[in-house]
Participant: 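Take a look at the following structure, please.
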2 protein chains.
Amino acid sequence: MVVYQTQDMDLSDDEVDRIFRALADTTRRDIVRRTLTDEASISDLAHRYEMSFAAVQKHITVLEGAGLVTKHRNGRERRIRGNPEAIRKAQTLLNAYERIWQGRIDRLDALLAQN
Amino acid sequence: MVVYQTQDMDLSDDEVDRIFRALADTTRRDIVRRTLTDEASISDLAHRYEMSFAAVQKHITVLEGAGLVTKHRNGRERRIRGNPEAIRKAQTLLNAYERIWQGRIDRLDALLAQN
DNA sequence: CTAATGTAAAACCAAATGGTTGTATATCAA
DNA sequence: TTGATATACAACCATTTGGTTTTACATTAG
């Protein structure tokens, strides 16, 4: 079910779940941050963290499932690239929440001004 | 360890983990959205979802742990109130990621212009 | 061709998550 | 004072998560 819509974006509950879930891990956020500027292979990334290659691989699978990174084959390597589109989806939702809150404040202000 | 700082905000890895984790569930996001405009008791909220009172209570505990809602005693009730501050913390991080990505684009543009 | 490198995927494990039911306690209403 | 309501909390359970090791396969380098 689509729960949030803007001009150019439909967000299902599941999709939002996956994006936030993927962002809820320090290693995964670090991978996203890193690959937003510099594409890297899985091995490149695996070297940077104190865990097994397979563990990093799994993190990347989670990120890919959430659309936060994309994989691109390059010979025997897979280049991982951060995807700003998924970031924007999360931002869009949070912005909506902020507007909702601001709306309450505005109504309270109006109520006060009226008395 | 503090991983992200702005003028008025320090964000530890754990704190960010908790915020995103808490947001990674449809019921919890709904509770946040709802209580950002209208304070509600736990029972009020529990009535709205097809799960036990205790389950909703647990969701609220998770949200409170992430700072996304606050509890305020009112007689035998606890009023739950959404907290925009935690939303802003998440926004701040995502904005930083977007700027990082934009930075890469800017550098690529500069490189192209140079040749 | 062979060895080394890069990735994929399976099997396994402990801990965390998201739900349940049941029990205890506090407060309010009649 | 007693019954109903609101919350808290513990115990339990199935599934998911985040890690491991191992095995297999593809590709590149010498």
Side-chain angles (χ1 to χ4, degrees), chain A residues 3 12-35 38-82, chain B residues 3 12-35 38-82:
Chain A
V3 305
S12 72
D13 284 334
D14 276 1
E15 186 178 6
V16 178
D17 283 3
R18 280 195 302 271
I19 293 176
F20 282 130
R21 187 84 198 62
L23 288 171
D25 178 280
T26 305
T27 302
R28 288 197 292 259
R29 282 194 303 279
D30 198 66
I31 291 174
V32 169
R33 196 179 45 70
R34 215 174 265 287
T35 57
D38 304 297
E39 225 181 68
S41 72
I42 303 181
S43 311
D44 289 344
L45 292 167
H47 286 312
R48 301 187 173 274
Y49 307 101
E50 301 216 325
M51 64 184 76
S52 69
F53 175 87
V56 173
Q57 211 175 9
K58 279 194 182 182
H59 280 307
I60 290 170
T61 300
V62 171
L63 289 169
E64 196 186 15
L68 281 158
V69 305
T70 53
K71 274 190 200 173
H72 307 270
R73 181 176 207 123
N74 182 269
R76 66 182 154 181
E77 282 187 345
R78 300 298 173 93
R79 312 289 294 175
I80 307 301
R81 190 183 300 166
Chain B
V3 305
S12 72
D13 284 333
D14 277 1
E15 186 178 6
V16 178
D17 283 4
R18 279 194 302 272
I19 293 176
F20 282 129
R21 187 83 199 62
L23 288 171
D25 179 279
T26 305
T27 302
R28 288 198 292 260
R29 282 194 304 278
D30 197 67
I31 291 174
V32 168
R33 197 178 44 69
R34 216 174 264 288
T35 58
D38 303 297
E39 225 179 69
S41 72
I42 302 181
S43 310
D44 290 343
L45 293 168
H47 286 311
R48 300 187 173 274
Y49 307 102
E50 301 215 325
M51 64 185 76
S52 69
F53 177 87
V56 173
Q57 212 175 10
K58 279 193 182 185
H59 281 308
I60 291 170
T61 301
V62 171
L63 289 169
E64 196 187 14
L68 281 158
V69 304
T70 53
K71 274 190 201 174
H72 307 270
R73 181 179 205 121
N74 182 270
R76 66 184 154 179
E77 282 186 345
R78 299 301 172 92
R79 311 289 295 174
I80 307 301
R81 191 183 299 165

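Letters A, B, ... mirror the listed sequences (proteins, then strands); counts begin at 1.
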Participant: Measure from CD on A:Glu50 to P on D:dT20 and round the result to the nearest Å.
Facilitator: 10 Å
Participant: In whole angstroms, how far is the P atom of C:dG18 from the CD1 atom of B:Ile31?
Facilitator: 12 Å
Participant: Please report the distance, rounded to the nearest Å, between CZ in A:Arg73 and C1' in D:dT28.
Facilitator: 12 Å
Participant: Specify the angle, to 10°, made by the local axes at the two ends of the helix from C:dC1-D:dG30 to C:dA30-D:dT1 when five pairs are taken at each end.
Facilitator: 30°
Participant: Under the rule for salt bridge (Lys or Arg N to Asp or Glu O under 4.0 Å), what residues qualify as partners of A:Arg34, not counting sequence neighbours?
Facilitator: A:Asp30
Participant: B:Met51 CE to C:dT21 P: how many Å, rounded?
Facilitator: 13 Å
Participant: Looking only at side-chain atoms of A:Ala54, point me to the closest of C:dG19, D:dT21, D:dC9.
Facilitator: D:dT21
Participant: Calculate the interatomic distance between A:Asp25 atom CG and D:dT16 atom C1'; express it in whole Å.
Facilitator: 14 Å
Participant: Distance only, no hydrogens: is a donor on one side chain within 3.5 Å (strictly under) of an acceptor on the other, for A:His59 and A:Arg28?
Facilitator: yes
Participant: Please report, rounded to the nearest Å, how far the P atom of C:dT20 is from the OH atom of B:Tyr49.
Facilitator: 14 Å
Participant: With respect to the phosphate group of D:dT17, does any side-chain polar atom (N or O) of B:Arg21 fall under 4.0 Å of OP1 or OP2?
Facilitator: no
Participant: From C-beta outward on B:Lys58, which listed nucleotide comes closest to its side chain: C:dT21, D:dC12, D:dG18?
Facilitator: D:dC12
Participant: Using a cut-off of less than 4.0 Å, is there contact between a side-chain N or O of A:Ser52 and OP1 or OP2 of D:dG19?
Facilitator: no
Participant: In B/S/- notation, 5' to 3', how is nucleotides 1-7 of chain C contacted by protein heavy atoms closer than 4.0 Å?
Facilitator: ---BBSB
Participant: Nearest 0.5 Å, what's the CG-CG distance between B:Asp25 and A:Asp13?
Facilitator: 9.5 Å
Participant: To the nearest angstrom, how far is B:Asp17 atom CG from C:dT17 atom C1'?
Facilitator: 15 Å
Participant: Separation of B:Leu63 atom CG from C:dG18 atom P, in whole Å?
Facilitator: 10 Å
